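Order of the sequence lines fixes the chain letters, A, B, ..., with proteins taken first and strands second; residue numbering starts at 1 for each chain. Computed from a prediction, not measured in an experiment: that's the story for all the values here.
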Amino acid sequence: MDSYRVKAGPEGYLPPAAACVGICLPERGHALLEGELVPEERALEEIARRLLAAGNPVFFPGPLILWDWKEGVAEKARALQVLAREVRAKIIPMPDYRPKYPMINPAVEINPNHPNLTIWHNHIDVCVFIGVHCHYANVALKIIRGGTDCYTIAICGEVGHEDAMISLRDAGLRTLERLTAMVREMKRKAGDVG
Amino acid sequence: MTKQIFRIAPGFEEIMPEEYRELVTDGPYDRSVGVADLGTFKELLEEHPLCAGCGLALSLRLFLASLPAPADTVVVGSTGCSAIAFPQVGLHNIHGLFGNQNAIASGLKRALKLRFPDRPKDVVVVAGDGATADIGLEMVMHSWFRAENIATVMLDNEAYANTGGQESGMSPRGAVLNMAPTGKKFEKVAMPEIARESGCAYVAVTSPANARRFEKAIRRAILVARDVGPTYVQVFCPCPTNFKFRPDETLGVIRKREKEGVFQYREYITPEAQQYLAASEGEKR
Ligand SMILES: Cc1ncc(C[n+]2csc(CCOP(=O)(O)OP(=O)(O)O)c2C)c(N)n1
């Protein structure tokens with residue numbers, strides 16, 4: 001049980017919730033990397049690396065960042081858009097959690113209640129969850145791990161998500177800016193080498 | 001909630017699905033629109049999976065256009081056909097268990113009064129006839145006895161439509177349904193009278209065949225519930241699927257029943273509610 005690692009799937013129908021197989025949420029200043037506790041810096045590096053190496057990275061922003069509902073959100077939304085441009089990620093919003101009959105259009109939005117569609121026929125190799133309320137993020141992350149080989153990243157403003165392959169906690173505007181700076185630096189270095 | 005927090009974060013306008021953008025720019029929030037304005041604003045019901053010609057779907061559409069303050073309204077629903085449409089509705093809504101909708105609404109209204117003492121929040125129950133007059137009747141009546149400030153709207157399609165056609169207390173005597181082959185043996189439950197005797201300050205029986213009357217009943221019920229006491233609106237919205245008439249005959253079925261005198265528009269208003277409405281409707285003019 002203590003050897004369980006949160007790796008890219010497909011793990012099959014109904015993978016266990018990572019919390020039920022011994023994965024604990026990180027303490028402040030730390031993050032989760034495939035189920036292991038690591039310093040936040042290490043996780044940020046890995047996120048930057050994964051995003052740059054991805055063939056089709058997609059950001060899934062949730063209601064907490066899509067809607068300009070309180071002070072500070074607009075700045076965070078802008079910082080996220082800068083990061084997305086820097087790693088050439090597509091953005092597919094999750095504006096709502098309610099199921100939609102008869103179906104949703106997976107090219108336009110994602111929804112945790114339409115699990116077969118949430119991840120666009122498995123054409124997404126790395127995805128980022130941000131601004132999605134905890135319980136819905138957990139459900140969706142677990143479904144993705146169960147049914148696809150997508151690498152999942154959660155940039156969480158609260159205490160993190162065991163069910164993502166990489167999860168930050170307490171992530172705010174500064175975290176996004178640090179991540180973007182790291183991505184730029186990696187791109188610069190890669191340019192130097194190449 | 002006001003339109004102030006119903007804004008898309010800058011830069012995300014383009015990636016938002018169209019219906020959300022339209023709700024923000026053309027929705028009824030913070031605007032005074034009614035059924036006469038249908039077609040000029042983004043309606044709160046986007047699409048719905050209900051049957052062709054569904055009287056309940058039409059009623060829901062009119063109901064949503066009749067809300068006096070959609071941004072400050074929470075609908076409490078119950079299992080049944082209307083619940084299937086609610087995921088497509090751009091409004092706060094809570095789905096109760098089958099029958100406990102008025103209990104949920106009572107608690108919610110009390111909590112909202114504490115949380116927003118200076119801003120009226122309208123709590124409106126919208127449920128089927130089975131949920132209201134049969135399985136939830138005890139909780140419906142006790143919310144009236146306790147004089148909770150909630151409006152209860154029954155979408156009376158005279159059957160348990162969502163589960164394939166069982167008879168409900170509101171089915172008319174003699175009704176034969178898919179799962180009630182021998183015909184109903186007793187009359188419709190006298191819900192308007194029960195509501196009046198149980199302490200409702202405003203009671204109306206209406207239908208979507210008369211949009212103006214419908215709107216007036218919903219608005220009055222919500223306003224009276226806000227400041228006077230519990231209210232009840234019974235909406236006759238026949239079901240083509242279970243009563244086996246053509247989808248384009250729904251309004252005709254209502255008018256025929258009206259002509260036969262079986263269905264009647266009715267309104268009961270307590271003197272206190274009367275006074276209140278005279279003041280608030282006078283104010284509007
Ligand atoms: C506690 C409980 N009992 C029974 C059901 C099954 N059920 C689902 S919908 C429904 C009928 C609803 O009838 P009504 O309230 O008249 O609404 P309509 O579908 O006609 O709009 C029933 C019995 C349930 N969901 N929960």
Side-chain angles (χ1 to χ4, degrees), chain A residues 57-86 89-114 117-118 120 127-128 130-132 136 157 172-173 176 180, chain B residues 1-25 27 29-30 42-52 54 56-57 60-61 64 71-72 74-77 79-96 162:
Chain A
V58 176
F59 284 17
F60 294 138
L64 293 168
I65 191 163
L66 287 171
W67 298 102
D68 188 7
W69 62 286
K70 71 169 186 183
E71 231 171 274
V73 174
E75 291 78 0
K76 223 173 135 181
R78 281 200 199 90
L80 184 71
Q81 290 157 36
V82 173
L83 175 64
R85 273 196 296 276
E86 206 63 58
K90 219 188 270 127
I91 301 182
I92 300 182
M94 192 192 284
D96 203 342
Y97 304 125
R98 294 172 298 170
K100 292 192 178 174
Y101 294 98
M103 67 196 306
I104 59 158
N105 179 349
V108 171
E109 64 183 307
I110 102 160
N111 183 308
N113 286 295
H114 295 259
L117 299 172
T118 48
W120 213 18
C127 75
V128 175
I130 181 164
V132 179
Y136 286 107
L173 178 63
L176 285 172
T180 306
Chain B
M1 184 172 92
T2 73
K3 214 171 170 181
Q4 283 307 310
I5 63 162
F6 198 57
R7 274 186 319 220
I8 296 171
F12 282 139
E13 295 86 357
E14 296 278 291
I15 58 138
M16 275 293 215
E18 199 181 352
E19 65 265 29
Y20 295 93
R21 271 182 276 153
E22 288 173 353
L23 266 183
V24 173
T25 51
Y29 302 109
D30 282 356
K42 168 75 180 176
E43 287 179 46
L44 292 177
L45 185 59
E46 169 70 7
E47 287 173 21
H48 66 74
L50 299 171
C51 308
C54 173
L56 186 155
L60 210 48
R61 195 178 157 211
L64 292 165
D72 290 301
V74 187
V75 166
V76 180
T79 315
C81 289
S82 56
I84 302 178
F86 263 99
Q88 263 75 349
V89 169
L91 191 79
H92 286 303
N93 73 88
I94 293 177
H95 180 73
N162 190 232

> Side chain, backbone, both or neither: which part of Ile65(A) has a heavy atom under 4.5 Å from chain B?
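Contact with chain B is through both the backbone and side chain of Ile65(A).
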> Distance from Ile91(A) atom CD1 to Met16(B) atom CE, nearest 0.5 Å?
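It comes to 11.5 Å.
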> Under 4.5 Å heavy-atom distance to chain A, tell me which part of Pro17(B) shows up: side chain, backbone, both or neither.
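Both backbone and side chain of Pro17(B) come within 4.5 Å of chain A.
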> With heavy-atom distances below 4.5 Å as the criterion, would you say the side chains of Phe12(B) and Asp68(A) are in contact?
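No, every pair of side-chain atoms sits at 4.5 Å or beyond.
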> Evaluate the side-chain proximity of Ile15(B) to Leu66(A): yes if any heavy-atom separation is below 4.5 Å, no if none is.
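Yes; the side chains approach each other to less than 4.5 Å.
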> Ala77(A) and Pro10(B): which non-hydrogen atoms are nearest, and at how many Å?
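Where Ala77(A) meets Pro10(B) most closely, the heavy atoms are CB-O, 4.2 Å.
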> Do the side chains of His95(B) and Arg98(A) get nearer than 4.5 Å, heavy atoms only?
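Answer no - side chains too far apart.
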> Determine yes or no for a side-chain-to-main-chain donor-acceptor pair under 3.5 angstrom, with Arg78(A) supplying the side chain and Ala9(B) the backbone.
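Checking the backbone N and O of Ala9(B) against the side chain of Arg78(A), no donor-acceptor pair under 3.5 Å is found.
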